[in-house]
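Numbers here simply count residues along the sequence, with the first being 1. Ligands are counted one by one from 1 in listed order, and the atoms in each one are counted from 1 as well.
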Amino acid sequence: MRESGTRRNFFTWTRNALAAAGVLSAAPGRGQSVPSHPTLASGEDYYDKLGVTKIVNAAGTYTMFTASIMPPSVQAAVASAAKHPVRLAELQKKSGEYIAKRLNCEAALVSAGAASALTLGTAACMTVGNKKAPELLPLDTAGLKNEVIVQKTHRYGYDHALKNCGIRFVEIETLEQYEAAFTDRTVMCHFFNAAEEGQISREDWIRVSHKHGVPCFNDAAADVPPISNLWKYTQMGFDLVTFSGGKGMRGPQNAGLLLGRKDLIEAAAWNNSPFDETVGRGMKVAKEQIVGMVAAVDWFLSQTDEGMQAEFRRRADRIVAQLRDIPTLTHQTFVPPVANQVPHLVIRYDQAKVRKSPLEVAEILRGGSPSIELNPSTGRKSGTAGLPSDENSIVVGVWMLEPGEDLIVGRRLREVLSKAVA
Ligand SMILES: *Cc1c(COP(=O)(O)O)cnc(C)c1O
């Protein structure tokens with residue numbers, strides 16, 4: 001008995017494994033249709049082949065949910081770039097020049113995301129004017145300037161991207177302390193654009209760093225829209241600014257922008273792939289992603305803030321329309337102040353009447369079909385990006401939904417919440 005059970009398990013396993021590998025696809029079950037050949041244009045669906053669950057992204061531009069979907073024009077640019085080899089140096093140079101022109105800054109570089117731009121920009125400040133210096137990072141920095149001044153409240157989860165260069169943070173709080181913090185080893189002043197606290201304004205940050213002849217960097221990774229932020233901070237005087245390519249701009253997720261002063265962008269390039277003895281060698285951006293980032297800049301500049309905001313509000317409204325009959329339910333659309341500055345739908349209800357907590361609802365939606373990810377602030381007090389969330393709120397990030405998915409999210413929420421009515 002035991003043996004045959006084992007064998008049956010083995011056969012079942014084999015059959016499943018073969019089916020998963022596509023080997024048995026010539027014998028589909030009843031009612032199943034198997035495409036004879038995946039079309040060349042769309043390619044084989046490797047998520048299905050690998051058994052990876054596709055999700056509806058009602059969260060936002062979170063890296064753990066692969067952030068954004070490239071618009072069709074960007075997907076097409078990536079696909080067409082994949083068809084031809086080019087000279088990498090020429091592509092890096094011309095893409096940078098094109099982006100700089102479109103974004104009204106001196107120079108630009110496509111990095112492997114904003115975190116990579118933080119590393120390359122820091123390395124640039126440490127090595128500018130010294131082409132032999134890149135190979136000294138991160139350990140042999142005794143002969144280089146390596147102190148980065150930062151407001152205490154601007155320390156954050158991306159500190160490590162700067163530390164990769166072998167820098168040391170010098171924390172300050174007041175303007176007076178800022179003035180006094182400069183030494184002959186100060187190499188950069190770092191600003192976190194979406195920091196919720198901090199006494200020193202952007203203008204003062206720039207003024208004081210320039211008085212001491214030290215470049216300043218603004219991390220604005222998640223801070224578009226508004227579109228004009230793409231030139232606002234460089235024009236304000238920041239020497240370096242970064243934006244994530246795969247967040248609001250909907251470029252390739254492993255791309256980003258480093259914008260700013262020409263000499264620093266040039267130095268950032270020496271610290272980058274394809275140069276071997278550099279901190280950036282592992283931050284390779286392939287031709288497809290470089291082109292995709294350029295196409296994303298074009299796509300993003302073809303949008304309007306009003307158009308995007310109106311579309312996101314319509315999505316929120318369509319979801320709310322599905323929830324009209326849920327007792328005690330209230331809703332608001334909330335626009336965070338700096339990062340992710342787009343309408344988010346926040347839903348609340350009396351849990352004595354609707355007996356499922358927001359965290360339970362999130363779990364049910366995650367486990368359903370299609371699998372839906374709500375904003376991670378759902379049911380949590382410490383919301384991300386300034387969202388006003390708590391144990392009693394569901395947060396729907398509508399901006400990364402694909403067409404029609406607002407209805408799917410609305411209906412699933414209605415199903416789950418109406419079932420929970422006491
Ligand atoms: C997302 C983010 C980054 C990292 O961006 P990637 O493009 O994912 O590397 C850096 N800084 C801030 C403030 C961010 O929000």
Side-chain angles (χ1 to χ4, degrees), residues 57 59-70 74 99 108-123 148 150-165 167 169 188-198 202 205 216-226 229-230 232-233 238 240-260 268 271-273 279-280 282-286 288-290 292-294 296-297 300 336-342 344 375-377 382-387 397 399-400:
N57 180 1
T61 57
Y62 294 89
T63 296
M64 64 183 160
F65 302 133
T66 63
S68 61
I69 291 293
M70 296 181 284
V74 180
I99 291 168
L109 175 146
V110 177
S111 65
S116 154
L118 292 171
T119 304
L120 296 178
T122 306
V148 173
V150 65
Q151 296 187 69
K152 203 170 179 174
T153 50
H154 288 216
R155 295 297 300 273
Y156 62 169
Y158 297 97
D159 283 351
H160 215 102
L162 286 77
K163 286 194 224 164
N164 283 344
C165 299
I167 60 100
F169 283 109
M188 192 175 100
C189 300
H190 190 53
F191 197 93
F192 170 28
N193 198 51
E196 283 167 29
E197 288 170 67
R202 293 178 186 85
W205 196 253
C216 52
F217 195 142
N218 187 9
D219 177 357
D223 305 345
V224 287
N229 277 359
L230 288 174
K232 177 175 171 183
Y233 301 117
F238 281 103
L240 290 169
V241 178
T242 184
F243 294 94
S244 180
K247 291 184 179 169
M249 302 179 73
R250 295 178 58 189
Q253 207 206 339
N254 58 344
L257 295 176
L258 181 63
L259 310 175
N271 285 278
N272 194 16
S273 164
V279 287
M283 301 173 182
K284 183 185 285 179
V285 191
E288 295 84 357
Q289 277 70 51
I290 296 176
M293 191 67 248
V294 175
V297 168
F300 197 59
V338 184
N340 308 311
Q341 207 185 111
V342 290
H344 289 64
N375 186 281
S377 317
S382 54
T384 58
L387 287 161
W399 65 320
M400 290 297 136

Colleague: Minimum heavy-atom separation for Pro225 and Val342, please, with both atom names.
Modeller: CG-CG1, 3.5 Å

Colleague: Considering the options Asn229, Asn193, Asn218, Thr242, which one meets the side chain to side chain donor-acceptor pair (under 3.5 Å) requirement together with Asp223?
Modeller: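 With Asp223 as partner, side chain to side chain donor-acceptor pair (under 3.5 Å) holds for just one option, Asn193.
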
Colleague: Report yes or no: do Asn57 and Tyr62 form a side-chain donor-acceptor pair below 3.5 Å?
Modeller: no

Colleague: For the pair Trp399 and His344, name the ring-plane relationship: parallel under 30°, tilted 30 to 60°, perpendicular over 60°.
Modeller: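 The rings of Trp399 and His344 sit tilted, inter-plane angle from 30° to 60°.
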
Colleague: At less than 3.5 Å, what protein N or O atoms come close to the N or O atoms of ligand 1? Include the distances to 0.1 Å.
Modeller:
residue  : atom   : partner : partner atom : Å
ligand 1 : 7 (O)  : Ala114  : N            : 2.8
ligand 1 : 7 (O)  : Ser244  : OG           : 2.6
ligand 1 : 9 (O)  : Ala114  : N            : 3.1
ligand 1 : 9 (O)  : Ala115  : N            : 2.9
ligand 1 : 11 (N) : Asp219  : OD1          : 3.3
ligand 1 : 11 (N) : Asp219  : OD2          : 2.7
ligand 1 : 15 (O) : Lys247  : NZ           : 2.7

Colleague: Could you pull out every donor-acceptor pair under 3.5 Å between side chains of residues 156-163 and any protein atom, sequence neighbours left out?
Modeller:
residue : atom : partner : partner atom : Å
Tyr156  : OH   : His190  : NE2          : 2.9
Tyr156  : OH   : Asp219  : OD2          : 2.7
Asp159  : OD1  : Tyr156  : N            : 3.2
Asp159  : OD2  : Arg155  : NE           : 2.8
Asp159  : OD2  : Arg155  : NH2          : 3.3
Asp159  : OD2  : Tyr156  : N            : 3.4

Colleague: Just wondering, do Arg250 and Phe300 contact through their side chains at under 4.5 Å, heavy atoms?
Modeller: no

